[in-house]
Amino acid sequence: MKNPFPKIENKTLFLYFLTILLSLSLINLFILFRNYLPAVPDTMFYFYPDQQFNLSVFQQGFIPLWNPLIACGSPHLADWSSSVLYFPDWIWNWTGLSKGYMTLALAQILFGSIGFFLWLRSQEIELLWSFLLGLTYVTSGHWVQCWGLLPLIATASFIPWIFWALQKALSHKHLKWWLLSSLFLGIQILAGYPFYVFYTWMLVVLWFLFQKPSNVAISRLGLALLGALVIGCAQWLPFMDFWSSGVRSTPIGNFPYFDRPSEFLTLLQPDILGFPGRDNYPAAVPNWVFGDLYFGLIPLFFWISAFFKRKKQNLFWAWAALLVLIIMACLNFPGTKGILFSILALMNPSKAVCIFIFAALTSSALSLNSFFKNPYGSKKAPWVWMISLLIIVNIFWTPARLLHLVANPYGDPQYQTSVNQVRLLAGPHRVLSLKANTLHFELNGFYEKSSLGPILSFLPNTNMVSNIRSAGAYLNFTTSSFNELTKYLLKGFPYKGDLLDIADVGLLLLPQSLNSKKFKTVGKLNDNFLILNQQASGSMLYIPGSIEKSSRPEVLYSLTLPKSLWRQKVYLERNGDKSDLALEPARRDLILTGAERFQKPIGSRASFSRNFPAKGFVTFNESCAPGWRAWVDGKPEPILRAYGLFMAVPLSEGGPHQVDFRYEPTSFRLGAFISLLSFGWLVFGGLSRRRIS
């Protein structure tokens, strides 16, 4: 009797098995991540709060340009990791963040895996190796440690898609592939991690020139890169604007990555040096996420073997990966103090790890392909099955070793109780928490027991999840105003001066109590004393007079002393030749909407309306930063820098007035217009069927 079932070849059977395995793995990860987060501090203390703030402002119908919740107010969209304009994140408007955060992370992981699979297929890699190494790419040591750091994996997931689209553009000579390349490059900018963008572009240029393209193709690549910059200018224009007026919170170049040869042993095993945070960990603890080079022993073997092959394409990727390793270590070499190395220090060489893994795995795939040209039904089939099995084991082993989950601390009932307590005590005022953010990593139960500690101390940025304003900050860049405030705070206890009052700090969470007439200890929250400042200013005030000082340091010194009479006089600086003491007025009138007293519907807008007794000033204690505009009764007015840190608008006469402040940086308005225009042009061009020679 004839067999009614078609014969299934080994290749098809194996791919069926892998597809089922992948599907079951994704389902398992989705179940594991439900209401959990990876136990990586930056996930809980930085990226999750950032996205919660984005979501809350979007749901009010505004774009989160300004963040009033940290650093006495700070530009938000301009912060390079905010990912405000990365549109896949907008799905949280429907799913919510607590349920959708890790779901989107899994989607990005799958997206990166598919992209790497397509990239390898475009290099004529066998289907089996493309499938297995596509999964290896997103389960490498660095990727697993970044699973909860969404801007990082979002930016890294576009790397293979960019190379795939450029390979198609070179091969098919169709306009749509060049436009798609530009689109992927532009979206990668919006994803929120410029370090990865920088190293991606560096490798793109090297790889493209290695193909010995024609001058026309080189010109098209230049246009594609230019188009990407145009698409992403709604993000990078405000960033550059902010960078020019902000201060980096960490000295550039002071990054302890790969400063010991032993750190490169992570190529062999992700936790070969132990678990970061333990007392005997012999490497850079603060930056351990970027210190893991591991991508599998089998791919590592084939990457090394590529150096002994004479195939041109394979040698390029093998040497490219080695070059990136050298770049990572270059700042530790003698004599690396020139201009080139200063640029590399600025872009933090260790963060080229994503490009290293991409190049090394591409080289490994090419080597595997050359060793096993026909992996099905050949004499080498047993070796193929054994290598495939070892790669599959590694795909599951790496996350099992590195991935540790913790219940989402922001959903904990104890956290909600603490939020209500702090919100009740602080009222509309700011909170200042000075508890040291000391984290001790332990594999066995640390996160389950201790992860709530920093959350319950309302350290920046954790206060953003509960919509509580803070005078502290944790940002890559900060306004100069915040730096000055920090210098003052570091002077220690007790705070006898008036600057905390002016900054509207109404509640302090400190490791010790304060005994003074100004501060009143009202209880404890875990290890923190809850201390009320009974002289906090409020957000906007009418001040009748003014006093001029010669410089900002003189202003701030005066305010570190008590009895500065700041409620009667606005402290201003003599303008002289300096142009940064006053922000330019808006170039248009404002259509007034009636405000009742103080009205602050969102962070980037505020209004103050009352019957003023005489001429004077209206002060607003958000950080004075370029992009703020002010109107009095709908007419534009310049903003003066008040008290060295904040803003003030003069009133020429008494009577009923309404003062409006809005944060409207020109860099964003211009960037958004250009980005939308170019994005529409790219979509229109991509739909065309035009071929190019």
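Just so you know, these numbers use all the heavy atoms, side chains as well, and skip hydrogens, waters and symmetry mates. Only a predicted model underlies this, so the values are computations on that prediction, with no experimental measurement involved. Count residues from 1 along the sequence.
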Do L267 and Y294 have side chains that get closer than 4.5 Å, going by heavy atoms?
-> no
ring-ring contact (aromatic ring centres under 6.0 Å, His included) evaluation trace for F158 with F111 = CA-CA 8 Å; F158 274 93; F111 180 72; 5.1 Å; yes
May I ask you to check whether over 12 heavy atoms, not counting those of L226, lie within 6.0 Å of atom CG?
-> yes
Side chains of L229 and I189 in contact at under 4.5 Å (non-hydrogen atoms) | yes
Can you tell me if W147 uses its side chain to pair, donor with acceptor, with the backbone of I153 under 3.5 Å?
-> no
Would you mind reporting whether Y46 and D50 have side-chain heavy atoms less than 4.5 Å apart?
-> yes
Derivation of the side-chain contact (heavy atoms from CB on, under 4.5 Å) call for L203 and F358 | CA-CA 10 Å; L203 188 61; F358 175 82; 4.0 Å; yes
Evaluate side-chain contact (heavy atoms from CB on, under 4.5 Å) for L368 paired with E126, printing each intermediate quantity in order.
-> CA-CA 9 Å; L368 276 165; E126 173 58 45; over 6 Å; no
Test log, rule side-chain contact (heavy atoms from CB on, under 4.5 Å), inputs L293 and H142 | CA-CA 6 Å; L293 303 171; H142 171 65; over 6 Å; no
Just by distance, with hydrogens left out, do N54 and Y86 show a side-chain donor and acceptor under 3.5 Å apart?
-> no
Roughly how far, to the nearest 0.5 Å, is the CZ atom of F371 from the CG atom of N369?
-> 11.5 Å
In short, A39 meets M44 closest at the heavy-atom pair CA-CE, 4.4 Å
Main-chain N/O of F295 paired to S140 side chain as donor or acceptor, under 3.5 Å | no
Spacing of CZ belonging to F116 relative to OG belonging to S113, to within rounding of 0.5 Å = 9.5 Å
Compare every heavy atom of L183 with every heavy atom of I231, then report the nearest pair and how far apart it is.
-> CD1-CA, 3.9 Å
Side chains of L180 and W164 in contact at under 4.5 Å (non-hydrogen atoms) | yes
So, does Q235 use its side chain to make a donor-acceptor pair with the main chain of A78 at under 3.5 Å?
-> no
So, Q123 and T362: side-chain donor and acceptor under 3.5 Å apart, yes or no?
-> no
Heavy-atom check, side chain of I218 versus side chain of L209, under 4.5 Å | yes
Would you find a donor on one side and an acceptor on the other, under 3.5 Å apart, between the side chain of T266 and the backbone of Q269?
-> no
Within-4.5 Å side-chain heavy-atom neighbours: N394 and I298 = no
What closest approach, in Å, do S350 and M328 show between heavy atoms, and which atom pair accounts for it?
-> O-CE, 4.0 Å
Neighbour count >12 (heavy atoms, 6.0 Å) for atom CH2, W90 = yes
Shortest non-hydrogen pair, T200 vs I159, comes out as OG1-CG1, 3.4 Å
Of N408, T43, N461, the residue whose pairing with Y48 passes side chain to side chain donor-acceptor pair (under 3.5 Å) = N408
What is the distance from atom CD of Q145 to atom OG1 of T398, rounded to the nearest 0.5 Å?
-> 10.5 Å
For the residue pair F239 and W80, categorise the inter-ring angle as parallel (less than 30°), tilted (30 to 60°) or perpendicular (more than 60°).
-> tilted
Would you call the rings of W317 and W119 parallel, tilted or perpendicular, where under 30° means parallel and over 60° means perpendicular?
-> perpendicular
Side chain to side chain, T136 and P299, heavy atoms closer than 4.5 Å = yes
So, the side chain of R220 versus the backbone of A224: is there a donor-acceptor pair under 3.5 Å, distance only?
-> no
Main-chain N/O of I162 paired with S181 side-chain donor or acceptor, under 3.5 Å = no
In terms of ring plane angle, is the pair F208 and W178 parallel, tilted or perpendicular, where the classes change at 30° and 60°?
-> perpendicular
Measure the spacing between CG of N314 and OG of S367 and express it to the nearest 0.5 Å.
-> 4.0 Å
Check the pair F356, Y199 against ring-ring contact (aromatic ring centres under 6.0 Å, His included), reporting the backbone distance first and the verdict last.
-> CA-CA 10 Å; F356 163 73; Y199 289 109; over 10 Å; no
Which distance, rounded to the nearest 0.5 Å, do you find between the CD of Q188 and the OH of Y196?
-> 11.0 Å
Criterion ring-ring contact (aromatic ring centres under 6.0 Å, His included) on W319 and W207, from CA distance to verdict = CA-CA 11 Å; W319 282 103; W207 169 76; over 10 Å; no
Student check: side-chain heavy atoms of I357 and L361 closer than 4.5 Å = yes
In Å and rounded to the nearest 0.5 Å, what is the CG to CZ distance from L297 to F302?
-> 12.0 Å
Return yes when atom OH of Y36 has more than 12 non-hydrogen atoms of other residues, nucleotides or ligands closer than 6.0 Å, and no otherwise.
-> no
L403 and P38 have their tightest heavy-atom pair at CD1-CB, 4.1 Å
Minimum-distance pair of heavy atoms, taken over all atoms of W92 and G100 | NE1-O, 2.9 Å
Measure the acute angle between the ring planes of F117 and F131, then classify it against the limits of 30° and 60° as parallel, tilted or perpendicular.
-> perpendicular
Evaluate side-chain contact (heavy atoms from CB on, under 4.5 Å) for L132 paired with I392, printing each intermediate quantity in order.
-> CA-CA 7 Å; L132 289 175; I392 291 171; 3.7 Å; yes
